[in-house]
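Here the structure comes first, spelled out in structure tokens, and everything after it is commentary.
Here is the naming used below: chain letters follow the sequence lines, and residue numbers restart at 1 for every chain. Because the structure is predicted, anything quoted here is derived from the model rather than measured.
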Amino acid sequence: MERITIDPITRLEGHGKIEIFLNEEGEVANTYFQIPELRGFERFCVGRPVEEMPLLTNRICGVCPEAHHMAAAKAIDAVYHVTPPRPAKLLRELLYSGFYFTDHTTHFYALGGPDFVMGPDAPVAERNILGVIHKVGLEIGGKVIQARKYGHTIVEIIGGRKVHPCTSIPGGLTKGINEEQRKQIEEMGLWAIEFAQFSLKLFNDIVLGNQAYVDLILGDAYTHRTYYIGTVDDNNRVNFYDGLVSVVAPDGTRIGKYGPGDYTDWIAERVEPWTYLKFPYLKKVGWKGFVDGQDSGVYCATPLSRLNAADGMATPRAQEEYEKFYSTLGGKPVHQRLATHWARLIELLYAAERIVELATDPEITSDNIHTIPTETPTEGVGIVEAPRGTLTHHYWTDERGVVTRANLIVGTTNNHAPISMSINKAARSLIHKGVVVNEGLLNMVEMAFRAYDPCFGCATHSLPGQMPLQVTIRDARGEPIQVLRQHC
Amino acid sequence: MDDTASAPTLVLGLGNPILGDDGVGWRVVEEVARLTGGQAGSVELDYVALGGLSLMERMIGYRRVILVDAILTGRAPLGTVHRFPLEALPPDVCTHSGSTHDTSLQNALRVGRAMGAQLPDTILIVGVEARSVFDFSEELSPEIAAAVPHAARYVIQSLQEA
């Protein structure tokens, strides 16, 4: 059996490794996707005051600390059986919308977008944000930097500091915003709407205007008919901060919605011998292996999943794009994973519109931002939509509020099984006997998982300076017959 | 790009302070603060868990930056202190300067410079050879903890060489 190893995965958090095993005929026999897991966080939390969790958990990951902060904030509300006043909820969601705006911008322009803007066959040295700037124009770089700055500033105004917010406490927030800050956020939000519309136009021109890319998106190589989950509001519209988690089947039927307290009725976790990371699946459907279809409990939690699991977007411009998305791609649900990049931009527009909506809510500058907890703390679950998937924090405490146990299901983990399936399927359709494995081809395998915006480790632990990519092809005896490298 | 820095030189401890040896960059900068008694003159000391574009954005406005980080070369004993300019960062070495969520620090700096951002002329890396960066803990391994004063002196020496 031949073995092709892509190690580590370029542009993915932490070290990742894909192993592709070929059979005697040179066809893909099997693929394994391995990543090292950061260990012991749940144990690390035990013995600490639960109100520290929004600060501690946002140190898990350098990519989405705001998501961990917010899931932890909602979990500690639940632990203390307290509901924050409406202005506090609005402010948290406003902070979160600013974060989403930054995160989705970064993914499109630096991580996922270059595959399309530069093309999957472009040399790896050009397939990055610098290449995008050279191709699209210098002003785009300035806009991306500006977009990130605005998102960070919104987080800082409400969260007390950039990137690692520190203002959520059980029952609300430690500080509100004044009229001057509100106005500043509103102005940034108006700019953000224009930027998101510009980004969608760019996607429309470069990707949808290129038949080869449309064929790539709609092709079978990147298609899986799985279940989808995503948080929705009372009207079944996408919401990042609050609501119920909607679950839809591969045929688009909603099979139910669950609140934070019921997540264990819906989600179970599978352990495989070849990786430490677990594979969550829908308990009510059951684990049938790495397969798609109505009978397999494999589900997906991504921007595409959120759109599939909802009935629409809660803001007008994003709703227009939502309708165009499904009419262009042939109706709901959309199973083509590369469409996730488009879905992410629709969410970018929604985040921008939501910033303006929340910043102009009459209650947003209210000083009624905290409900003092009066009950004995016990146990609680908080769920938010991290940009890369539904994020669940579950804490147990003693009567003093000291953590006795914690369980986290992070965004990317939801997608572990679908990512493995996508890599396998892409490899099977792209690697055949006689086909020479080259960088462009391997990048197309990598594109399979890049659409999920996976984040296993984070910028908060050591990473390779240049993310070397080494591909080793081995013959049936395990001897290397070809070694391809980039950044090495 | 109208950001102006409060000091011409920035010393940044990189890493995750609750991820074992990964937090060594923070500890070294704390030690620098202790040794200099907060009297480092025109030097700003800070601790961040950032990479890529975010790290580049943090460096805007400074003439010189010293990044202190855990480093995994796999070719030196634990606790070995490395010191080299960013340009000399070997491609197969692990540090926080390579954020894979967006882009490498080197690319991020090119983006920033292309945008007209005032970015440092000199970026020096002081790296402590580490290994245990996957287990959550506030404790450093003994070899790494023992290297903290050495690394701090390297930083101070580098500041004086300006």
Side-chain angles (χ1 to χ4, degrees), chain A residues 8-16 36-45 56 58-65 102-103 106-107 109-111 114 128-130 133-134 138 141-142 144-146 148-149 152 162-164 453 455 457-468 470 487-488, chain B residues 1 3 14-25 48-58 60 69-72 86 89-108 110-117 125 127 130-138:
Chain A
I9 299 157
T10 52
R11 281 183 279 154
L12 174 66
E13 301 307 316
H15 277 98
E37 189 185 19
L38 301 183
R39 293 173 294 249
F41 186 74
E42 283 88 349
R43 195 174 62 241
F44 181 82
C45 297
L56 270 183
N58 76 12
R59 291 282 174 206
I60 295 175
C61 171
V63 172
C64 49
T102 297
D103 199 273
T106 305
H107 184 278
Y109 286 98
L111 193 64
N128 55 44
I129 188 168
L130 265 181
I133 289 170
H134 287 141
L138 197 59
V144 170
I145 299 291
Q146 190 71 7
R148 288 173 51 82
K149 188 175 175 178
H152 286 320
K162 286 177 184 161
V163 185
H164 295 92
D453 189 12
C455 168
C458 54
T460 57
H461 74 97
S462 297
L463 292 170
Q466 270 291 320
M467 291 309 284
Q470 181 168 308
H487 293 322
C488 299
Chain B
M1 296 297 166
D3 306 65
L14 299 183
N16 187 340
I18 63 168
L19 198 62
D21 293 343
D22 196 51
V24 68
V48 293
L50 302 173
L53 290 171
S54 299
L55 182 54
M56 178 275 285
E57 288 159 356
R58 179 65 187 86
I60 289 175
D69 198 1
I71 189 165
L72 281 74
L86 178 67
L89 184 69
D92 58 343
V93 159
C94 300
T95 74
H96 290 92
S97 55
S99 167
T100 44
H101 181 70
D102 44 55
T103 189
S104 69
L105 177 60
Q106 291 92 330
N107 265 343
R110 288 185 198 111
V111 171
R113 291 199 172 102
M115 296 309 108
I125 293 177
R131 205 138 301 160
S132 305
V133 295
F134 292 104
D135 293 284
F136 283 96
S137 164
E138 287 173 304

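- Within the model, atoms CD1 of A/I129 and CG of B/N107 stand 9.0 Å from one another, a figure rounded to the nearest 0.5 Å.
- Note: A/R148 CZ to B/M56 CE = 7.5 Å, rounded to the nearest 0.5 Å.
- Between A/V144 and B/M115, every side-chain heavy-atom pair lies at or beyond the 4.5 Å cut-off.
- Of the residues considered (B/V111, B/D21, B/V48), B/V111 shows the highest number of contacts with chain A, using heavy-atom pairs under 4.5 Å.
- To the nearest 0.5 Å, atoms CD1 (B/I60) and NZ (A/K149) are separated by 7.5 Å.
- Proximity to chain B involves both the backbone and the side chain of A/L138, based on heavy atoms less than 4.5 angstrom apart.
- Between A/F44 and B/F136, the ring-plane angle classifies as tilted under the 30° and 60° cut-offs.
- Two residues are said to be in side-chain contact when any heavy atoms from C-beta on lie closer than 4.5 Å; A/H152 and B/S54 meet this criterion.
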